[in-house]
Chemist: 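Sharing a structure here in structure tokens format.
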Amino acid sequence: MSKSYPVEVLRTEIKLFDQMVEWLQQKNMLSEQRKLAACRAYFRILEDLALFRYDEALATYSRLLQQNVLPMKQWYRKFSKSWIGRIFGFPMRSWLRRYCFAAKRIEKKIIK
């Protein structure tokens with residue numbers, strides 16, 4: 001199912017993480033360690049979503065920033081594996097990653 005409907009799977013993952021974070025907040029169990037783990041999970045999902053629906057990934061990222069529950073910007077700039085992510089943040093790195101992903105798909109089609 002994930003190969004046939006990758007965007008739907010990613011949207012479902014985001015909804016589940018939203019529910020988990022809300023539940024942890026309500027139970028007063030959203031520790032700093034859990035916040036960092038949630039950020040890591042959200043970014044993994046958002047980076048994959050950005051490959052297919054860049055605008056939707058940015059909208060979700062903006063929503064998470066506005067909710068101000070998780071340290072999204074700080075986490076990404078501190079723990080990003082790429083220098084692009086550390087310097088420019090999530091939007092630019094995701095855009096570049098999407099561009100490279102599209103270029104690879106086109107290259108594969110041309111080679112065939």
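Numbering of residues begins at 1 and proceeds along the displayed sequence.
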Chemist: Hey, quick one: are M20 and L30 part of the same hydrophobic cluster, counting side-chain heavy atoms closer than 4.5 Å, chains of contacts allowed?
Modeler: yes

Chemist: From L70 CG over to L36 CG, what is the distance, rounded to the nearest 0.5 angstrom?
Modeler: 9.0 Å

Chemist: Sort out for me which residue in L49, D48, L51, T12 forms a side-chain contact (heavy atoms from CB on, under 4.5 Å) with V7.
Modeler: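 In the set L49, D48, L51, T12, the residue that makes a side-chain contact (heavy atoms from CB on, under 4.5 Å) with V7 is L49.
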
Chemist: Looking at every non-hydrogen atom in both residues, tell me the closest pair between K35 and V69 and how far apart they are.
Modeler: CE-O, 3.5 Å

Chemist: Just how far is it from atom CZ of F17 to atom CG of L46, taken to the nearest 0.5 Å?
Modeler: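 So the gap between those two atoms works out to 10.5 Å.
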
Chemist: Checking E22 now: which residues fulfil salt bridge (charged side-chain N to carboxylate O under 4.0 Å, His left out) with it, not counting sequence neighbours?
Modeler: none

Chemist: Please tell me whether L24 and L16 are part of a single hydrophobic cluster in this structure, the criterion being side-chain heavy atoms less than 4.5 Å apart.
Modeler: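 No, it is not one cluster - the side chains of L24 and L16 are not joined through contacts under 4.5 Å.
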
Chemist: Filter on side chain to side chain donor-acceptor pair (under 3.5 Å), then keep only pairs touching residues 62-71, sequence neighbours left out; what's left?
Modeler: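 Those involving residues 62-71 are D18-R63.
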
Chemist: What are the two closest heavy atoms between R34 and M29, and how far apart are they?
Modeler: NH1-O, 2.8 Å

Chemist: Taking the side chain as every heavy atom from C-beta outward, state whether Y61 and F43 have any atom pair closer than 4.5 Å.
Modeler: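 Side chain of Y61 against side chain of F43, heavy atoms only: contact under 4.5 Å found.
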
Chemist: Got a sec, which residues hit salt bridge (charged side-chain N to carboxylate O under 4.0 Å, His left out) with R53, two or more places apart in sequence or on another chain?
Modeler: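 Salt bridge (charged side-chain N to carboxylate O under 4.0 Å, His left out) list for R53, sorted by chain: empty.
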
Chemist: Please report the closest heavy-atom contact between L10 and I45, naming both atoms and the distance.
Modeler: O-CG2, 3.7 Å

